[in-house]
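Starting from 1, each residue takes its place in the sequence as its number.
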Amino acid sequence: AVADKLRQSLGDDKTRTSLFGFTQLGLLELTRQKSKKLLADILDVPCPACRGIGRVPADETVALQIAAEVYSLAREEDVEAILVKCHQAVGVRLTGAKTGHITVLEQETGKTVYVRSDQCFPRHQYELVSGSKKRVKEQACPLRVGDRIRATIEAEQGKKDGLATVNGFVVKCLRCSSLVGSTAELEIVKVGRDGAQARLVSED
């Protein structure tokens with residue numbers, strides 16, 4: 001009766017299932033056609049370091065782990081701000097328009113949260129720094145207006161500007177689009193929470 005009832009119920013299931021009857025232990029044996037990805041294939045991605053031999057957490061999985069730790073740190077009374085250091089791909093998951101974990105975290109915890117992306121970090125590793133707003137901001141924003149730096153213009157930003165990264169801090173280089181791949185001397189003209197702007201002083 002159990003097998004017949006199950007067989008009837010499976011009639012509405014689009015996934016092909018085969019029933020083989022009961023075992024000596026009273027277990028009903030069946031096979032079911034695989035129709036979806038394994039959970040591990042959703043949560044993990046092939047490791048870029050070992051070319052897929054091992055597995056590492058997906059960028060979104062790491063971002064959710066970071067969010068959970070930020071919630072935990074935010075409960076401590078002496079924590080006013082939190083700095084997240086992570087790989088650029090994970091940073092995009094934290095701050096991007098589609099996910100926006102950081103915006104939600106700040107609203108729900110009442111704490112200031114900074115994200116600094118650094119390509120040197122393995123994609124599955126990250127670091128959290130917490131403390132007073134002043135201390136965390138000093139580490140989150142390593143540049144000041146008037147600072148002169150040498151940096152490599154890594155990519156274009158629009159038609160005229162370029163982008164550089166200094167200690168995980170994004171610097172928009174005004175009128176530097178033609179210098180992508182080159183090292184230039186820059187003067188910081190504006191510093192914001194998520195990045196800075198610089199003008200070209202000289203170039204190699």
Assigning hydrophobic clusters by single linkage (Ile, Leu, Val, Met, Phe, Trp, Tyr; side-chain heavy-atom cutoff under 4.5 Å), is [X] placed with [Y]?
X: V113; Y: L73; answer: yes
X: F121; Y: L128; answer: no
X: I149; Y: V189; answer: no
X: L10; Y: F20; answer: no
X: Y114; Y: V79; answer: no

How many angstroms lie between atom [atom1] of [X] and atom [atom2] of [Y], to the nearest 0.5 angstrom?
X: T183; Y: E185; atom1: OG1; atom2: CD; value: 11.5 Å
X: E80; Y: K111; atom1: CD; atom2: NZ; value: 7.0 Å
X: R135; Y: L83; atom1: CZ; atom2: CG; value: 9.5 Å
X: C173; Y: Q157; atom1: SG; atom2: CD; value: 10.0 Å
X: S117; Y: K85; atom1: OG; atom2: NZ; value: 12.5 Å
X: I66; Y: I82; atom1: CD1; atom2: CD1; value: 11.5 Å

Mind listing the closest non-hydrogen atom pair of [X] and [Y] along with its distance?
X: H124; Y: P57; answer: CB-CD, 3.7 Å
X: A81; Y: K133; answer: CB-CA, 4.0 Å
X: A67; Y: L105; answer: O-CD2, 3.8 Å
X: A3; Y: L19; answer: O-CD1, 4.0 Å
X: A63; Y: L94; answer: O-CD2, 3.7 Å
X: G91; Y: C86; answer: N-SG, 3.6 Å

Salt bridge (charged side-chain N to carboxylate O under 4.0 Å, His left out) pairs touching residues 151-179, sequence neighbours excluded, are D161-K172
Close side-chain approach of [X] and [Y], heavy atoms under 4.5 Å:
X: R144; Y: I188; value: no
X: L186; Y: L200; value: yes
X: T112; Y: V136; value: no
X: V62; Y: H87; value: no
X: L6; Y: L30; value: yes
X: R116; Y: Q139; value: no
X: S18; Y: E29; value: no

Are F22 and V2 close enough, and set up right, to give a side-chain contact (heavy atoms from CB on, under 4.5 Å), and what steps lead you there?
CA-CA 10 Å; F22 286 92; V2 172; 4.2 Å; yes
Do R16 side-chain atoms and T31 backbone N/O form a donor-acceptor pair below 3.5 Å?
no
side-chain hydrogen bond (donor to acceptor under 3.5 Å, both in side chains) partners of Y126, counting only residues at least two apart
E69
